[in-house]
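Below: the structure, in structure tokens.
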Amino acid sequence: MTATKGLEGIVAATSSISSIVDGVLTYRGINIDELAEKATFEEVAYLLWHGKLPTRKELDELIAQLGEYAAVSPEVIAGLRLYPKNANSMAALRTVVSSLALYDEEAQDMSREANLRKAVKLQAQLPTVVAAFARIRQGLEPVAPKKGVGVAHNFLYMLTGEEPDPVAVKALDKALVLHADHELNASTFASRVTVATLSDIYSGVTSAIGTLKGPLHGGANEAVMVMLDEIKTLDNVEPYIQNKLNNKEKIMGFGHRVYKNGDPRAKHLQQMSRQLSELKGDSTLYEISVKIEELVTGQKGLKPNVDFYSASCYTLLGIPRDLFTPIFAISRVSGWTAHILEQLDDNRLIRPRAEYVGPVGQHYVPIEQRG
Ligand code: ACO
């Protein structure tokens, strides 16, 4: 038995949800480039769950269902008020999503219909709890969700308490489309491992959120913004990046386990970052980002991943940086739940082996004789 570090190149499941072949990402066989230009996030969520794009009636029903499920129980909001105001926002999300199960009567119902309903509930409720936590920690009252609007619109509305700008809604909607699914990434794998023990869908999504939080995965978008904030000016890009590269430090938002010639989602986010900068009349963040890319790609051959330009996009949308990774989760919960449903449709316990490299032939030594 020989271990493959990081399971690189190991095919651990069959899936018909999304694929990455020759650097091209598809959801249910549709190129992400096409979906980014034409689809709404709700259409994509339906596509991931059902394997086909919705009819107008099916889409309207899904939007109505999302509106119906978006409000969370008062106990969940009361729980959020008890969290420390300076709690890490992904830790808060991980905790509150786990608590959602306590107030769902069908949390333990493992039927496919109940699990599909819970997938829609989770999709509807994640934006509500992220926005509620963001307001409560500022000493503001949570804003109740709206009915009949899309996820991006509702989230921005609940975050600010104001009707969002249509340009902001469209930009966030596209970002949600781009983040919705990504084959067997670390958090999706975690969700599948969890439910493969026949644990419930809330446990699967809670595992996934804990996994997404790390800076080598979804947490990179916040880490990119920390870097942009530290750099501050265009003149500072070169010394800052050079210093990191000389010290063999990683530049957040670059590199990918699967894509070696560039992440197909990054170009859409770069374009969005440029457009939002033009609209705002301040291109500092965009220009700093482009200069970082020139240096890192030029010197290391590493290309930006999905997290790099999403940092400037979200900042230009007025979103605080510690909500970037929760926003990733608001989108990716569609993919996680689609994978959970797929796993349970043809389940087998996921239990790999480890290559043992520890000592052998040892014996128990009485405590008095231990050095
Ligand atoms: N900056 C500098 N060097 C890097 C970077 C980077 N961002 N990424 C990889 N490298 C270097 C490594 O130091 C290593 O060099 P070495 O062989 O000289 O030691 C080599 O490239 C291979 O890197 P690994 O970390 O082994 O590659 P792996 O496939 O395990 O990791 C990962 C992929 C985690 C994405 C990595 O590129 C990274 O840490 N990037 C920064 C964090 C990031 O942006 N994560 C988000 C990924 S997208 C997502 O999850 C949503």
Side-chain angles (χ1 to χ4, degrees), residues 3-12 17-18 20 23 25 27 32 36 90 93 174-192 207-231 237-238 240-270 272-273 289 291-314 321 323-336 339:
T4 302
K5 200 170 179 190
L7 299 183
E8 180 164 7
I10 301 292
V11 178
I17 301 171
S18 64
I20 306 166
L25 171 62
Y27 296 167
I32 185 73
M90 281 299 279
L93 181 62
K174 191 188 255 200
L176 297 181
V177 167
L178 290 166
H179 285 81
D181 197 44
H182 204 224
E183 203 222 42
L184 211 52
N185 61 88
S187 54
T188 300
F189 185 53
S191 74
R192 289 187 77 131
S207 293
I209 292 171
T211 310
L212 187 73
K213 176 174 178 284
L216 296 188
H217 190 13
N221 56 12
E222 183 182 345
V224 170
M225 199 57 227
V226 171
M227 173 173 74
L228 295 177
D229 282 342
E230 282 171 359
I231 292 178
V237 174
E238 196 153 355
Y240 182 98
I241 295 294
Q242 205 53 60
N243 182 45
K244 277 208 180 284
L245 292 178
N246 292 347
N247 291 331
K248 302 221 170 308
E249 284 177 50
K250 281 191 167 173
I251 313 294
M252 290 296 146
F254 285 85
H256 201 276
R257 172 62 67 77
V258 180
Y259 302 116
K260 298 302 172 197
N261 291 318
D263 182 329
R265 302 164 295 181
K267 61 181 179 292
H268 295 284
L269 290 153
Q270 175 171 11
M272 192 191 295
S273 172
S289 303
K291 183 111 192 262
I292 297 173
E293 180 181 348
E294 277 167 19
L295 285 167
V296 177
T297 307
Q299 291 195 32
K300 296 279 293 184
L302 291 163
K303 306 263 173 65
N305 57 48
V306 71
D307 289 317
F308 186 64
Y309 284 100
S310 55
S312 49
C313 287
Y314 296 152
R321 75 180 187 204
L323 295 188
F324 295 0
T325 318
I327 290 175
F328 195 151
I330 286 174
S331 166
R332 186 58 61 83
V333 69
S334 59
W336 292 330
H339 277 267

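In listed order, ligands and their atoms are each counted from 1. Heavy-atom basis, side chains included; hydrogens, waters and symmetry copies ignored.
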Quick test: of every protein heavy atom, which one is nearest to [atom], and how far off is it to 0.1 Å?
atom                    : result
atom 45 (N) of ligand 1 : L216 O, 3.0 Å
atom 41 (C) of ligand 1 : F254 O, 3.4 Å
atom 1 (N) of ligand 1  : I251 N, 2.9 Å
atom 35 (C) of ligand 1 : G255 O, 3.8 Å

Stepwise side-chain contact (heavy atoms from CB on, under 4.5 Å) check, S310 with F324 | CA-CA 8 Å; S310 55; F324 295 0; over 6 Å; no
If you scan the protein for heavy atoms around [atom], do you find one that is closer than 4.0 Å?
atom                    : result
atom 27 (O) of ligand 1 : no
atom 16 (P) of ligand 1 : no
atom 19 (O) of ligand 1 : no
atom 43 (C) of ligand 1 : yes
atom 22 (C) of ligand 1 : no
atom 48 (S) of ligand 1 : yes
atom 39 (O) of ligand 1 : yes

So is L302 polar-close to ligand 1, meaning N/O to N/O under 3.5 Å?
-> no
From [options] - option closest to [atom] by heavy atom:
atom                    : options                : result
atom 51 (C) of ligand 1 : T211, V258, N221, D307 : D307
atom 33 (C) of ligand 1 : K303, K250, R257       : R257
atom 50 (O) of ligand 1 : M252, H179, H217, H182 : H217

Could you list which atoms of ligand 1 come closer than 4.0 Å to a heavy atom of [X]?
X    : answer
K300 : 3 (N)
V306 : 51 (C)
A220 : 43 (C), 44 (O), 45 (N), 46 (C)
F328 : 51 (C)
G253 : 43 (C), 44 (O)

In the structure I gave you, are the side-chain heavy atoms of [X] and [Y] within less than 4.5 Å of one another anywhere?
X    : Y    : value
Y240 : E230 : yes
N246 : Q242 : yes
M252 : V226 : no

Evaluate the criterion side-chain contact (heavy atoms from CB on, under 4.5 Å) for residue pair I292 and I231; output intermediate values, then yes/no.
-> CA-CA 10 Å; I292 297 173; I231 292 178; 3.7 Å; yes
Going through the distances and angles, do S191 and S207 end up as a side-chain contact (heavy atoms from CB on, under 4.5 Å)?
-> CA-CA 6 Å; S191 74; S207 293; 5.6 Å; no
S187 backbone acceptor or donor facing T211 side chain under 3.5 Å | no
More than 12 foreign heavy atoms under 6.0 Å from CG of N243: is that the case here?
-> yes
Quick check: are there more than 12 heavy atoms from other residues, nucleotides or ligands sitting under 6.0 Å from CD of E238?
-> no
At their closest point, which heavy atom of E293 faces which heavy atom of Y309, and how far apart are they?
-> OE1-OH, 2.6 Å
For ligand 1, indicate whether the residue V296 contacts it via side chain, backbone, both or neither (heavy-atom separation under 4.0 Å).
-> neither
Please state which part of P215 comes within less than 4.0 Å of ligand 1, counting heavy atoms only: side chain, backbone, both or neither.
-> backbone
Check the pair F254 / T297 against side-chain contact (heavy atoms from CB on, under 4.5 Å), numbers first and verdict last.
-> CA-CA 9 Å; F254 285 85; T297 307; 4.3 Å; yes
Plane angle bin for H256 and H182 - parallel if under 30°, tilted between 30 and 60°, otherwise perpendicular | perpendicular
With under 30° as parallel and over 60° as perpendicular, where do the rings of H217 and F328 fit, or are they tilted in between?
-> perpendicular
